[in-house]
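Report on one structure; see the data block that follows.
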Amino acid sequence: MYNTKPLPFSEDLEGISKKTIEQHHDKLYVGYVNKSNEIREKLVVLRESGNFEGNATFSELRALKDAETFAVNGVYLHEWYFDLLGGNGDWQKAPNLVKLIEEKWGSMEKGIAYFSACAMAARGWSILAWDMKYGKIKHYNSDIHNQAVWGCVPLITLDVYEHAYFMDYGTDKKGYIQAFWKNMNWEAAEMLLNKVSGITL
Ligand code: FE
């Protein structure tokens, strides 16, 4: 059972409207939670029926397994994203993460500029992850929910699908990305890093 996580903030964001956040969280994100549960229930019924066929061209099992990763990634990625909003953009609250970004890209300004350019180049998600295989932070883009690198925990997750900004910014994706950094809760990213940075596989 997947449960809907409430937004971690109640106040209005700077540059991202209440309407955008409400539609994004209450409709789109909740929709992914509901579909994840629906798919899970259908998989249980199918498995228990014993009447499933693993055909890779088309089968009910294939359709459900395909939809499952899309829907569950839709839940998790949005939770990573919303959990980072509601802050004031002050990265001093994330000393360990700042150190890693500075080591990798030279300065915070350069790291943020590079991430922002990657986000401009993405059609879905832009993510700074702790890569457990690599043993370091690593940036990845994902055009769809399923374009993931296994072994990564997202630390900074930015939704750049049009639904995240079109109501507020139209085609000005750059303006939305700038607003994201202003509202970023760096403490939340630091907490994630501190939980996972010791893990290398
Ligand atoms: Fe989204």
Side-chain angles (χ1 to χ4, degrees), residues 1-40 63-89 112 114-130 137-150 152-189 191-193:
M1 176 85 183
Y2 298 93
N3 296 309
T4 299
K5 223 175 151 181
L7 286 168
F9 55 91
S10 51
E11 67 280 14
D12 291 349
L13 300 179
E14 195 185 329
I16 304 174
S17 69
K18 206 177 177 67
K19 194 176 173 191
T20 289
I21 291 294
E22 275 173 3
Q23 302 240 334
H24 202 171
H25 180 274
D26 302 350
K27 301 286 179 202
L28 293 171
Y29 160 67
V30 170
Y32 284 123
V33 174
N34 292 339
K35 279 292 171 192
S36 294
N37 285 323
E38 186 184 329
I39 293 160
R40 185 179 162 273
L64 286 167
K65 292 304 289 181
D66 188 37
E68 182 183 42
T69 44
F70 186 84
V72 175
N73 273 329
V75 173
Y76 291 173
L77 285 164
H78 279 100
E79 289 178 356
W80 298 119
Y81 168 70
F82 289 126
D83 278 352
L84 285 182
L85 294 174
N88 64 1
I112 286 174
Y114 178 65
F115 187 117
S116 301
C118 291
M120 285 298 289
R123 297 173 191 163
W125 296 95
S126 204
I127 293 163
L128 179 70
W130 177 257
I137 53 168
K138 183 81 179 69
H139 183 278
Y140 292 107
N141 272 353
S142 175
D143 282 350
I144 52 168
H145 297 344
N146 289 355
Q147 201 178 35
V149 177
W150 290 78
C152 287
V153 179
L155 303 173
I156 301 177
T157 303
L158 176 54
D159 189 340
V160 287
Y161 277 103
E162 278 88 353
H163 64 243
Y165 64 88
F166 232 75
M167 256 194 297
D168 298 331
Y169 289 92
T171 57
D172 180 19
K173 189 176 176 182
K174 202 175 256 183
Y176 159 70
I177 293 168
Q178 284 167 352
F180 170 75
W181 295 117
K182 279 186 201 153
N183 292 286
M184 162 109 182
N185 178 356
W186 283 88
E187 248 175 316
M191 274 167 57
L192 282 172
L193 175 73

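Counting starts at 1 for both ligands and their atoms, in listed order. Count residues from 1 along the sequence.
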- Query: Any side-chain heavy-atom pair from Phe70 and Ile39 closer than 4.5 angstrom?
  - Reply: no
- Does any N or O in the side chain of Thr69 come within less than 3.5 Å of the main-chain N or O of Asp66, such that one atom is a donor and the other an acceptor? yes
- Report the name of the N/O/S atom of His78 located nearest to the Fe ion (ligand 1). NE2
- Kindly report the NE2-the Fe ion (ligand 1)-NE2 angle for His24 and His163 respectively, rounded to 10°. 90°
- Task: Could you check which N/O/S atom of Asp159 is closest to the Fe ion (ligand 1)?
- Result: OD2
- Item | Lys173 charged N/C atom sitting above Tyr169 aromatic ring, 6.0 Å / 45° | no
- Are any of the side-chain heavy atoms of Trp125 and His78 separated by less than 4.5 Å? yes
